[in-house]
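Below: one structure, written as structure tokens.
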Amino acid sequence: MSITENSPCKIYIVDDDEQQANLMQAMTKTIQLETKIYTSSIEFLKVAVTEHDIVILDLQMPEKDGIEIMRELASCHKKPNFILVSGFDERVLHSAKQLAESKQLNVVSTLSKPFKAKVFIALIKATHEKCLENYLKQQNNPAIDEDNQNSPTIEELKLALRKHQLIVYFQPQVSFNTSALQIAEVLVRWQHPEKGILLPDTFIPLAEKHELMNLLTEEILMLAIKEYKKIIAGGLDIQISINLSAQNVSDLSMPEKLEGLLKHYDIDPKSITLEITESALMNKVSDSLDILNRLRMKGFSLSIDDFGTGYSSLVKLYQAPFTELKIDRQFVLRSVIDPDSKAIIKLCILLANELKMKTVAEGVESKEIWDQLQSMGCDHAQGNYIAMPMPTDEFILWVKNQ
Ligand code: C2E
Ligand code: CA
Ligand code: CA
């Protein structure tokens, strides 16, 4: 069967074992998805794959093996979504996946041969839907394309700060047990006069690179406080969590500044959680521990964000006074299709329980994911299945309608 030429998300099966390839093709056909088979790795390397395509790749191939294929694709900036397949044991697949990710290649999942048709079909279906969704998102918002010539410049961002073009959205976090709203995460947006609403991924890395994060965070804190006051005035009794960057946890005077600001607006630090990523704690450990401990002593809660993605160190987790562990959405999203992700989540929850920390799963996008994480004993859920990030007024309405 040939692939539909104009499909934005093509599916390629690259496997020298023709029988196995035909079998996979037949399985994907049951969900009305067309695929193209390559039994020669050399031939496959001539294909112009895109970041929206899916490549089901056998690791053991005679001419060039799966690892070589990934290396060559990465070197010419071809970055499709891989599903790695192998007859070797799970550890080989796992390590191939790590290798791919170190080259910024996206490995959606791995499969050990032989695998069950049901598992394979569910995986292809979910991956295809996700790729299609990403494709449509990019069509509707070209600003999320990293290589987009249109991406903002640092001068534009500085101007945006002066002109107060940043705004904040709120995304609810609810209890898995009671579904009650506990806290909302503050997420920044840039209301660009020409480009519309820009997501943080298009400008936070830029601000970090140009050491503008302290200024940016000051602005976000002011916005968050003002909007939080509106939420309280709207009669809601909730807490908020705010993201901090690496540059924010290297300023030793930050805890006092933050405390002073909250005092000025009559807000109790006990209502505020500060989210910090693991990688933000890499530099100057003693300074960051100094800052984190003083924040805790002043009453702030501390959350370790994107847990499992950075340079996870158990020592750091043990040393720093975190009250909450936020399981990264990449694991949560894959938890229903990838046993490795599920295993990591299990360990995160176990670890958090041992250290008396609350667990939050972000990226809860579907009922299936909700059920999975709930059954694993996770405390709180955040994600599009519950609600997308919203501006203040919409957020207040949402809470009142619950
Ligand atoms: P994060 O801290 O991990 O924030 C959660 C991100 O997950 C948000 O993306 C949110 O919109 C998204 N998300 C929530 N539920 C789902 C879901 O069900 N599925 C999927 N696929 N995604 C979901 P957003 O708002 O684009 O923010 C991206 C990142 O930018 C944040 O990741 C955070 O690292 C950074 N960021 C956002 N606001 C701030 C801020 O005020 N200060 C700093 N320093 N960083 C911020
Ligand atoms: Ca966060
Ligand atoms: Ca996160």
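Atom set for the values below is all heavy atoms of this structure, side chains included, hydrogens, waters and symmetry mates excluded. Ligands are counted one by one from 1 in listed order, and the atoms in each one are counted from 1 as well.
Note: an N/O pair closer than 3.5 Å links Val188 and ligand 1 by distance alone. Considering both main-chain and side-chain atoms, Gln382 never comes within under 3.5 Å of ligand 1 through any nitrogen or oxygen pair. Between Arg189 and ligand 1, at least one pair of N/O atoms sits closer than 3.5 Å. At least one N or O atom of Asn243 sits closer than 3.5 Å to an N or O atom of ligand 1. In terms of polar-atom proximity, Ser245 is counted as a contact of ligand 1, with an N or O under 3.5 Å from an N or O of the ligand. In terms of polar-atom proximity, defined here as any N/O pair under 3.5 Å, Thr217 makes no such contact with ligand 1.
The existence of a salt bridge linking Lys113 and Asp15 is confirmed by a sub-4.0 Å separation between a basic side-chain nitrogen and an acidic carboxylate oxygen. Taking the charged nitrogens against the carboxylate oxygens, Arg162 and Glu219 have no contact shorter than 4.0 Å, which rules out a salt bridge. Look at Lys29 and Glu34 and you find no salt bridge, because none of the NZ, NE, NH1 or NH2 atoms lies under 4.0 Å from a carboxylate O. A salt bridge between Lys125 and Glu129 is present, with a side-chain N of the basic residue lying under 4.0 Å from a carboxylate O of the acidic one. Salt-bridge formation is detected for the pair Glu156/Lys195: a Lys NZ or Arg NE/NH1/NH2 atom is positioned less than 4.0 Å from an Asp or Glu carboxylate oxygen.
Here is the list of ligand 1 atoms found below 4.0 Å of a heavy atom in Met213: 44 (N). Of all atoms in ligand 1, listed by their number and element, those nearer than 4.0 Å to a heavy atom of Ile220 are 40 (C), 41 (O), 42 (N). Residue Ile204 approaches ligand 1 through these ligand atoms, each under 4.0 Å from one of its heavy atoms: 43 (C), 45 (N), 46 (C). Applying the 4.0 Å criterion to heavy atoms of Glu362 picks out, from ligand 1, the atoms 3 (O), 5 (C). Those atoms of ligand 1 with a heavy atom of Val364 less than 4.0 angstrom away are 18 (O).
At a 4.0 Å heavy-atom cut-off, ligand 1 does not touch Met388 at all. When heavy-atom distances to ligand 1 are checked against a 4.0 Å cut-off, Asp305 comes that close only through its side chain, counted from C-beta outward. Looking at Asn248 against ligand 1, nothing comes within 4.0 Å, counting heavy atoms. When non-hydrogen atoms are compared, ligand 1 lies under 4.0 Å from the backbone of Leu187 as well as from its side chain. Contact annotation: for Asp201 versus ligand 1, heavy atoms closer than 4.0 Å belong to the side chain alone. The proximity of Asp306 to ligand 1, defined as any non-hydrogen pair under 4.0 Å, is limited to the side chain. The side chain of Gln171, and not its backbone, has at least one atom closer than 4.0 Å to an atom of ligand 1 (non-hydrogen atoms only; side chain from C-beta on).
For the residue pair Ile327 and Glu362, the shortest heavy atom distance occurs at O-CG, 3.2 Å.
Considering only non-hydrogen atoms, atom 1 (P) of ligand 1 lies nearest to Arg329 out of Arg329, Glu208, Gln330, Glu133.
Atoms CG and CG, on Leu57 and Asn81 in that order, are 12.5 Å from each other to the nearest 0.5 Å.
In this structure, Lys36 satisfies the cation-pi test against Tyr38, with its NZ or CZ atom closer than 6.0 Å to the six-membered ring centre and inside 45 degrees of the ring normal.
Within the coordination shell of the Ca ion (ligand 2), defined by N, O or S atoms under 3.0 Å, Asp305 is present.
For the ligand labelled ligand 1, residue Glu185 lies inside the 4.0 Å heavy-atom shell.
Take the N/O/S atoms of Glu185: the one nearest the Ca ion (ligand 2) is OE2.
Heavy atoms from other residues, nucleotides or ligands lying under 6.0 Å from NZ of Lys298 number more than 12. Within 6.0 Å of CD on Gln182 lie more than 12 heavy atoms contributed by other residues, nucleotides or ligands.
Here the angle centred on the Ca ion (ligand 2), running from OE1 of Glu275 over to OD1 of Asn243, is 90°, rounded to 10°.
Aromatic ring pairs are classed by plane angle as parallel below 30°, tilted from 30° to 60° and perpendicular above 60°; the pair Trp370 and Phe176 is tilted.
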Anything under 3.5 Å between a donor and an acceptor, one on a side chain of residues 341-357, the other on a protein residue two or more places apart or in another chain? List them.
residue: Ser341; atom: OG; partner: Asp338; partner atom: OD2; Å: 2.7
residue: Asn353; atom: ND2; partner: Ile349; partner atom: O; Å: 3.4

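For Phe170, the ring pair (Phe, Tyr, Trp, His ring centres under 6.0 Å) partners two or more places apart in sequence, or in a different chain, are Phe395.
Put simply, the side chain of Ile242 does not reach to within 4.5 Å of the side chain of Glu275, judged on heavy atoms.
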